[in-house]
Amino acid sequence: MSAPAQVFSAHLLATLLAGGVEHIYLAPGSRSQSLAIAADQLARAGRVKLHVRIDERVMAFTALGTALASHKPVVVITTSGTAVANLHPAALEAHHAGVPLLLLTSDRPEELRGVGANQTTDQVGLFGPAIKHVFDVDAPSDEEDQTSRAENLGRAALELIANQPGPIQLNLAFREPLSSLTPDAAGVFVELAEPVMDQQVDFAVLPAEPKTVVVAGAGAGEAAVELAESFGWPIFAEPSSGSRYGANAIANYRRLLENEHELAAEIERVIVFGKPTLSRKVTAMFFNQSIEVVVVRSKSHGHFDVAHRASQIVDEISVSDEVDFEWLNSWRKVDTDFQLEVSSELSRENIVRKIYEATTDGDCLVLGASRMIRVADEFAPVKPLAIFSNRGLAGIDGTISTATGVALAYSNDDGFTRALIGDLTALHDVGGLAVDQQDGELNLQIVVVNDGGGSIFEGLEVAKAKESFDRVFRTKQNVDFWHLAEAYGWKYSRVEHLEQLSPALKQSGRVLIEVVLG
Ligand SMILES: Cc1ncc(C[n+]2csc(CCOP(=O)(O)OP(=O)(O)O)c2C)c(N)n1
Ligand SMILES: [Mg+2]
């Protein structure tokens, strides 16, 4: 006899697959057993890629990486209780970066809530505003048709996530019997119509004359480049914007602003795409009363208007008359003149250069929060690369996991996924080094810039607090990365001179590369 829970789970997952889900992540548990069995059946039949993790926090960040890189919703399955809470950091990041995650959290049925039952808490409000929507779903029973119930739920969740990418929680109650061997989910096929999309677009037509620059933050994408190229505007693109390519990109924009180059003083209008967070000088432009700010809404990162000064917040922009390309040409010229001489020392800027040199079409780069992404913003060349970074909330957590998730989204290709992260960022997510052998071979390099703790704080106001600095800000750790790599079954390379870096970046498989800065 098939348990209602099993019928429901098989049909729910089959519906989500029909809606484009290609990856399911799960961590073991009892309450979620029908989902786990159905997921395994689907994976064995080759209908979905299943990834199993023991730590739900690691799992959720890994799923986040896969969703970021694949642009498709990814399913995450947990049991009840603290397991659910461990999804919270990644759910928050996904919320602020518009990453589609379907969080299937298992729960006790209604009669066991609020009465002290084991592993039971209020899971429905747990994520607060980080979740776009919570479906609180009653336990499957014999009294209803679980097939259509599961399909309707799956369809509704997919439609929501297609219109508003981000995390959605399906809180699923299950009652005993919690599973059965039938039905086999591999034999369940569901047909789905395309989701109904909300197509409303706000459009602005701008005068051409003001001297304009396009600022592209995280989530800006190719639309920023298309606009800049159509109207002859320079573009200041952060490394993970997806817009740092093409003839209009000003590679040295950050240092030109920091050096108060005279051209910067001529800027009259800024058009913002995505969420720019890396440079204080860029933020200062938004607050500058002599600069008009026009904001283009980002489907993933929402609209960005930190100074509350946007003259318009729109979806698309056009220009009313001919534009003058002289402005762009002046920027291009100073950008070329501003190139620095390249030295051979093991400096942060040279690490960035070598990493960008080694990374080509078909590879992916993941940049951790903190210092190295800012160094990349300053020194990275203009190059069309797939670059990901958790800029929704810019946490240093979950970065090894995110990179693994990105690599898993690309796992059919020969390319490399490279993460460039700080030492504390690496140690924060050591659990992300755990390898699920079923994930297969991955070309995944975690490049750890070991500068003895949180060096980013040296550049902040807190550096003046000399007595407190090491103890409460820098927080240097004494962990041996070689032993760490050994323990988790990763290859290890130690880089102490710049010329050792490029050969290290050629190694296939999972490699932890420790770059030691003196
Ligand atoms: C989860 C989380 N906790 C704390 C912070 C605050 N924070 C920002 S940068 C940083 C230090 C990072 O050090 P490291 O990874 O070594 O990078 P470095 O700046 O030294 O290159 C910390 C703790 C954060 N962003 N996210
Ligand atoms: Mg550091």
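Whatever order the structure lists them in is the order used to number ligands and atoms, beginning at 1. What you see is a predicted model; the values in this text were computed from it and never measured.
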message: Please check whether S455 reaches ligand 1 - meaning an N/O of the residue sits under 3.5 Å from an N/O of the ligand, judged on distance alone.
response: yes

message: Between N390 and T399, do the side chains contain a donor N or O and an acceptor N or O under 3.5 Å apart?
response: no

query: Is there at least one pair of N or O atoms, one from G395 and one from ligand 1, spaced under 3.5 Å apart?
result: no

- request: For the pair F469 and E458, evaluate side chain to side chain contact (heavy atoms under 4.5 Å, CB included) and give the outcome as yes or no after the intermediate values.
  value: CA-CA 9 Å; F469 190 78; E458 290 166 4; 3.9 Å; yes

field: Structural part of I421 in contact with ligand 1, heavy atom criterion under 4.0 angstrom
entry: neither

- request: Specify the protein heavy atom at minimum distance from atom 21 (O) of ligand 1: its residue, its atom name, and the distance to 0.1 Å.
  value: R371 CB, 3.3 Å

field: Polar contact flag, side-chain donor to acceptor under 3.5 angstrom, D439-H51
entry: yes

- request: For side chain to side chain contact (heavy atoms under 4.5 Å, CB included), just list the numbers for L26 and S32, CA-CA rounded to whole Å, side-chain angles, deciding distance to a tenth of an Å, and then say yes or no.
  value: CA-CA 9 Å; L26 85 81; S32 51; over 6 Å; no

task: Using distance alone, determine whether F457 and ligand 1 share an N or O pair under 3.5 Å.
output: no

task: Among all protein heavy atoms, pick out the one at the shortest distance from atom 15 (O) of ligand 1; state its residue, atom name and that distance to 0.1 Å.
output: T425 OG1, 2.5 Å

message: If I apply the N/O under 3.5 Å rule, does D397 come out as touching ligand 1?
response: no

- prompt: Just wondering, is there an N, O or S atom on G453 that's nearer than 2.8 Å to the Mg ion (ligand 2)?
  reply: yes

field: Of the N, O or S atoms in D423, the one nearest the Mg ion (ligand 2)
entry: OD1

task: Please check if atom CG in D337 has more than 12 non-hydrogen atoms from other residues, nucleotides or ligands closer than 6.0 Å.
output: yes

task: Determine the interplanar angle of the Y410 and F388 rings, folded into 0 to 90°, and report it as parallel if under 30°, tilted if 30 to 60°, perpendicular if over 60°.
output: tilted

Protein contact of atom 19 (O) of ligand 1 - nearest heavy atom, named by residue and atom, plus distance: S370 OG, 2.5 Å

field: Which segment of A394 sits under 4.0 Å of ligand 1 when only heavy atoms are counted
entry: backbone

- request: Return yes if a side-chain donor-acceptor contact under 3.5 Å exists between S455 and R371, otherwise no.
  value: yes

field: Protein heavy atom at shortest distance from atom 13 (O) of ligand 1
entry: G454 CA, 3.4 Å

query: Does even one non-hydrogen atom of I396 get within less than 4.0 Å of ligand 1?
result: yes

message: I'd like to know if the side chain of E292 pairs up with that of S311 as donor and acceptor (distance under 3.5 Å, no hydrogens or angles considered).
response: yes

- prompt: Which single N/O/S atom of D451 lies at minimum distance from the Mg ion (ligand 2)?
  reply: OD1

- request: Compute the centroid of each ring, for F481 and then for W490, and state whether the two points are separated by less than 6.0 Å.
  value: no

- request: Return a yes/no value: protein heavy atom under 4.0 Å from atom 10 (C) of ligand 1?
  value: yes

